[in-house]
Amino acid sequence: MYDVILFGGTDEGHKISDFLLKNNISHIVCVATEYGAEILGNKNVRVGRMTADEMRELFSETGAKIVVDATHPYADKVTENIKTACPRKYIRVVREDTDGDGICFENTALAAKYLQNTVGNILITTGSKEIKAFSALANRAFARILPTEESVRLCAEAGFEMKRVICMQGPFSKEFNSALIKELNIKYLVTKRTGKSGGFAEKIDAARENNAVCIIIDRPVKESGVSLEQAKKLILEWL
């Protein structure tokens with residue numbers, strides 16, 4: 001039995017889990033991958049993607065009083081499943097958005113199509129999940145991805161040579177991004193609007209500093225929710 005079920009291997013998820021541990025609040029953290037569990041350390045973790053029915057079963061089995069959704073702002077399908085399945089008190093932690101100079105696109109496919117008509121090296125920092133959309137650009141693009149076997153496999157299947165795959169866990173500083181842009185002679189940097197904790201501003205600033213164009217993929221939905229600190233207060237109030 002748990003007081004809280006927490007979804008998210010995000011930075012916000014880690015901080016909420018630390019907060020729950022500090023306050024002796026029993027909880028389980030649900031993450032999609034083994035890599036997500038690894039970076040959480042020795043916390044109580046459930047690994048694996050779930051359907052809405054599987055989530056509903058988990059909620060019933062654990063009898064948790066609160067469900068906290070701290071998943072990535074681009075994991076809209078996961079959030080939809082959590083909302084569908086959750087019969088209890090629900091908290092959606094929304095990452096603060098930040099503005100940035102660049103060319104904005106509704107989705108990855110449109111961004112990739114635009115880049116096909118450009119010239120110059122490309123740095124893709126949107127992860128491996130939709131890397132296939134950039135297959136036609138693999139001969140002049142570099143993919144910065146999480147250091148997992150699945151991420152590397154998806155890049156290989158998309159036609160990226162391993163010399164064009166950079167496996168590192170972020171977020172990264174402006175200085176690091178700037179050095180990478182210079183080293184690889186990057187003319188276009190592709191990013192999602194990941195907010196402050198996702199290193200968005202650091203990418204935007206580094207690109208501007210080096211005269212690279214930012215290609216920004218907007219968030220799939222405009223969400224309502226609470227901040228990290230507001231979520232902590234609600235948890236204490238509701239328990």
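This structure is a prediction, so every number in the text was calculated from the model and none was measured.
Arg164 has its side chain out of reach of Asn139: every pair of non-hydrogen atoms, C-beta onward, lies at least 4.5 Å apart. The shortest distance between side-chain heavy atoms of Lys132 and Leu154 does not fall below 4.5 Å. Side-chain contact check for Phe134 versus Ile122: every heavy-atom pair is 4.5 Å or farther apart. Inter-residue side-chain proximity for Leu137 and Gln116 is flagged as met; some heavy-atom pair is nearer than 4.5 Å.
From Ile124, atom CD1 reaches atom CZ of Phe160 across 4.0 Å, with rounding to the nearest 0.5 Å. Here CZ of Arg92 is found 4.0 Å from CG of Asp69. Values are rounded to the nearest 0.5 Å. Rounded to the nearest 0.5 Å, atoms CD1 (Ile66) and CG (Leu234) are 8.0 Å apart. His72 NE2 to Thr79 OG1: the interatomic distance, rounded to the nearest 0.5 Å, is 11.0 Å.
Residues Tyr90 and Val78 are members of one and the same hydrophobic cluster, defined by side-chain heavy-atom contacts under 4.5 angstrom among Ile, Leu, Val, Met, Phe, Trp and Tyr. Hydrophobic clustering (ILVMFWY, side-chain heavy atoms < 4.5 Å, transitive): Val93 and Val45 are in one cluster. In this structure, Leu189 is not a member of the same hydrophobic cluster as Ile131, with clusters built from ILVMFWY side-chain heavy atoms closer than 4.5 Å. Hydrophobic clustering of Ile, Leu, Val, Met, Phe, Trp and Tyr side chains at less than 4.5 Å, counting indirect connections, unites Val67 with Met50. One hydrophobic cluster holds both Phe172 and Leu180 under the rule that ILVMFWY side chains link at heavy-atom gaps under 4.5 Å.
Val29 approaches Gly8 most closely through the heavy-atom pair CG1-O, 3.9 Å. Taking each heavy atom of Phe200 and Lys192 in turn, the nearest pair found is CD1-O, 3.2 Å. Taking every heavy atom of both residues into account, Leu146 and Ser151 meet most closely at O-CB, 3.4 Å. Of all non-hydrogen atoms in Leu6 and Ser17, the two that sit nearest each other are CD2-N, 3.8 Å.
Environment of CD in Glu183: sparse, with no more than 12 heavy atoms of neighbouring residues, nucleotides or ligands closer than 6.0 Å. More than 12 heavy atoms of other residues, nucleotides or ligands sit less than 6.0 Å from atom CD of Glu209.
In this structure, the side chain of Ser178 does not engage the main chain of Lys174 through any donor-acceptor pair within 3.5 Å.
Using cut-offs of 30° and 60° for the angle between ring planes, the Phe105 and Tyr114 rings count as tilted.
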query = Checking side chain to side chain contact (heavy atoms under 4.5 Å, CB included) for the pair Ile25/Lys65: CA distance, chi angles, key distance, verdict?
reply = CA-CA 11 Å; Ile25 297 172; Lys65 300 171 185 175; over 6 Å; no
inquiry  = Pair Arg208, Ile204 - check side chain to side chain contact (heavy atoms under 4.5 Å, CB included), show working.
reply    = CA-CA 6 Å; Arg208 185 188 301 116; Ile204 294 291; 3.5 Å; yes
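Ion pairing between Lys22 and Asp18 fails under the 4.0 Å rule for side-chain N and carboxylate O. Here Glu229 pairs with Lys232 in a salt bridge; the nearest charged N to carboxylate O distance falls below 4.0 Å.
Side-chain atoms of Arg144 and Asn177 form a donor-acceptor pair, as typed in the model, at a separation below 3.5 Å. With 3.5 Å as the limit, one finds a donor-acceptor pair spanning the side chains of Lys203 and Thr125.
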